[in-house]
There are 2 protein chains.
Amino acid sequence: MQMKVVNSLKEHGLKVTPQRVTILSAIEKKGHANIDEIYQEAKTTNPTMSLATVYKNITSLIETKLLKEVAINNQKSKYELSKKPHSHLICKKCGNLEDIDSHNLFTLNSDKLDFDIEEVELNIYGICNQCKKSN
Amino acid sequence: MQMKVVNSLKEHGLKVTPQRVTILSAIEKKGHANIDEIYQEAKTTNPTMSLATVYKNITSLIETKLLKEVAINNQKSKYELSKKPHSHLICKKCGNLEDIDSHNLFTLNSDKLDFDIEEVELNIYGICNQCKKSN
DNA sequence: GATATAATTAATAAAAATTATTATTTAGGA
DNA sequence: TCCTAAATAATAATTTTTATTAATTATATC
C-alpha cells in the first residue's frame with residue numbers, strides 16, 4: 001500500500017478503501033488524468049472497480065481538497081493531487097498538460113480588486129516542444 | 001438585425017442566419033453564458049430554435065474564433081465573444097464570472113519555456129463582493 | 001481479535017449532456 | 001429568380017454523469 005496516499009486519506013478524514021488508494025495512485029502515477037484515464041489505469045490494479053465509484057470518489061476527494069480539478073477548454077477536466085500553487089502549459093495540439101512553477105513567471109502588482117482571492121490559476125495554451133518537433 | 005454581429009459573421013466566412021445572429025446577440029447581451037443560458041436567451045427571440053443548433057453553432061463559432069470557450073472548475077463551460085486578452089474573476093460561491101483587464105495586474109518575466117504560447121488564461125477563483133455582502 | 005454500524009462499493013438504472021441523422025428549409029452566389 | 005451547398009428543426013442515438021439499492025467493508029468500541 002502507498003503509505004503516502006494512505007496517510008493523506010486519513011489526514012483528510014476519509015476511510016482508506018482499496019478503491020481510493022488505487023484512484024489516488026493512478027493520478028499520482030499519471031500526474032494529471034481525466035475520468036476515463038483514471039478509470040482505465042485503476043482497473044489494471046483493481047479490475048472490478050466501477051466507473052461510478054471513480055466519479056463518486058473524485059467528487060469527495062475534491063471536496064476534501066485532496067484533489068484539484070483542472071477544467072480545460074476543449075477537453076474533459078483533468079484531476080491532479082493538491083500541491084503547491086503552480087500553473088499549466090496546455091498543448092492545443094496533443095492536449096498534453098504540464099505543470100510549471102509560476103512563482104517566478106509573473107509578479108503580482110497586487111491591487112484592490114474587491115474580490116477575496118482564494119485561488120489563482122493560470123493556463124497557458126500553445127504548442128508543446130514535442131509537437132513542434134513531430135511536425 | 002445587429003449590424004455588428006452580422007458583419008462579424010461575414011468577416012469570419014460564416015453564413016448569416018437568424019439563428020447565429022440570435023446566439024451571438026444572446027452572448028453579447030449576457031457577457032458570458034453557458035449552453036443552457038444561451039439557449040434560453042435565444043429562445044426568447046427565436047422560439048423555434050433547436051438546442052442542437054446551439055451546440056452546432058457554438059462549435060463552428062469557436063472554430064472560426066468568433067467565440068471563446070471558458071472552461072471553469074465545477075461549472076459548465078461558458079462562452080464569450082472574442083475580445084482583447086483579459087482574465088476572469090470567478091466566484092466560487094455564486095459562480096459569477098467577471099472580466100478583468102490583466103494587462104497591468106501581472107508583469108511577465110518572460111523566460112525560455114520551450115513552448116509556443118498561443119494563449120494565456122488566468123482564472124482567479126474567490127468570493128465576489130456581492131456574495132461577501134449577502135452573507 | 002470479534003462485533004456493530006455507518007460508510008463504501010458494484011451493478012445497474014436513470015438522468016443529463018452532447019452528437020449524429022435526416023428531411024426540409026434557406027442563404028447567397030450565378 | 002434559380003441552384004446548390006449549407007444550415008436548421010426534430011429527433012434519435014450516444015456519451016457522460018448521477019442516483020438507487022443490496023451487499024460488502026472499514027473502523028471504532030468493546
Side-chain angles (χ1 to χ4, degrees), chain A residues 1-3 5-26 33-40 42-64 66-67 69-79 95, chain B residues 1-3 5-26 33-40 42-64 66-67 69-79 95:
Chain A
M1 281 255 220
Q2 333 277 358
M3 227 20 171
V5 159
V6 170
N7 288 336
S8 192
L9 283 167
K10 284 180 180 166
E11 284 163 17
H12 289 79
L14 289 175
K15 282 191 179 177
V16 180
T17 67
Q19 289 82 354
R20 282 177 180 157
V21 172
T22 301
I23 288 169
L24 288 174
S25 300
N34 65 27
I35 286 281
D36 307 300
E37 293 164 341
I38 294 166
Y39 180 50
Q40 290 310 321
K43 274 204 298 189
T44 67
T45 304
N46 184 345
T48 68
M49 169 94 63
S50 165
L51 178 56
T53 298
V54 178
Y55 272 104
K56 253 173 85 47
N57 277 311
I58 293 294
T59 300
S60 44
L61 290 168
I62 287 174
E63 279 170 356
T64 54
L66 230 146
L67 280 189
E69 177 181 2
V70 187
I72 310 168
N73 291 353
N74 205 31
Q75 283 190 56
K76 290 177 81 171
S77 285
K78 295 190 174 181
Y79 304 92
Chain B
M1 281 252 221
Q2 333 277 359
M3 226 17 168
V5 159
V6 170
N7 288 336
S8 192
L9 284 167
K10 285 180 179 166
E11 284 163 16
H12 288 79
L14 290 175
K15 284 191 178 178
V16 180
T17 67
Q19 289 82 354
R20 283 178 179 156
V21 172
T22 300
I23 288 168
L24 288 173
S25 300
N34 64 28
I35 288 282
D36 307 299
E37 291 164 341
I38 294 166
Y39 180 49
Q40 290 309 321
K43 275 205 298 189
T44 66
T45 305
N46 184 345
T48 69
M49 170 92 64
S50 164
L51 178 55
T53 298
V54 178
Y55 272 104
K56 254 174 85 44
N57 278 310
I58 293 294
T59 300
S60 43
L61 291 167
I62 287 174
E63 279 169 357
T64 54
L66 229 147
L67 279 189
E69 176 181 2
V70 187
I72 310 167
N73 291 352
N74 205 30
Q75 283 190 55
K76 291 176 81 170
S77 285
K78 295 190 174 182
Y79 304 92

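Chain letters run A, B, ... following the sequence lines, proteins first, then strands; residues in each count from 1. Source: prediction; values computed, not measured.
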Identified side-chain contact (heavy atoms from CB on, under 4.5 Å) counterpart of A/V16 within the set A/N7, A/V5, A/V6: A/V6

Atom-to-atom span, OH of A/Y39 to C1' of D/dT15 - whole angstrom: 14 Å

Nearest atoms (heavy-atom pairs only) where A/V54 meets A/Y39: CG2-CD1, 3.8 Å

Residues within residues 52-59 of chain A bordering DNA chain D, heavy-atom distance below 4.0 Å: A/A52, A/Y55

Atom pair distance, as rounded to whole Å: NE2 in A/H12 and C1' in D/dT27: 19 Å

Heavy-atom side-chain proximity of A/K76 to A/D36 below 4.5 angstrom: yes

Within residues 50-61 of chain A or reaching into it, pairs that qualify as side-chain hydrogen bond (donor to acceptor under 3.5 Å, both in side chains) - sequence neighbours excluded: A/R20-A/N57

Atom of A/K15, atom of A/L9 and distance for their closest heavy-atom approach: O-CD1, 4.4 Å

Any B/S50 side-chain N or O less than 4.0 Å from OP1/OP2 of D/dT8: no

Smallest separation among heavy atoms of A/Y79 and A/I38, with atom names: CD1-CD1, 4.0 Å

Worked check of side-chain contact (heavy atoms from CB on, under 4.5 Å) between B/E37 and B/Q40: CA-CA 5 Å; B/E37 291 164 341; B/Q40 290 309 321; 5.9 Å; no

Nearest-nucleotide pick for A/R20, side chain only, options being C/dA17, C/dT9, D/dA9: C/dT9

Atom pairs under 3.5 Å: protein N/O with N/O of nucleotides 24-29 of chain C:
from   : atom 1 : to    : atom 2 : distance (Å)
C/dG28 : OP1    : B/V16 : N      : 2.8

Residue pair B/L24 / B/L67, side-chain heavy-atom distance below 4.5 Å: yes

Rounded interatomic separation in angstrom, taking NZ from A/K76 and P from C/dT19: 11 Å

Intermediate values then yes/no, side-chain contact (heavy atoms from CB on, under 4.5 Å), A/M49 and A/I23: CA-CA 10 Å; A/M49 169 94 63; A/I23 288 169; 4.2 Å; yes

Length of the line joining A/L51:CG and C/dA15:C1', which is rounded to integer Å: 15 Å

A/N46 CG to C/dT8 C1', straight-line distance once rounded to whole Å: 13 Å

Closest listed nucleotide, where the reference is the side chain of B/M49 and the choices are C/dA10, D/dA9, C/dT18: D/dA9

Nearest-Å distance for atom pair CD/P, residues A/E69 and D/dT16: 16 Å

A/Q19 side chain near C/dA10 phosphate (N/O to OP1/OP2, under 4.0 Å): yes

Spacing of B/K43 atom NZ relative to D/dA10 atom P, expressed in whole Å: 11 Å

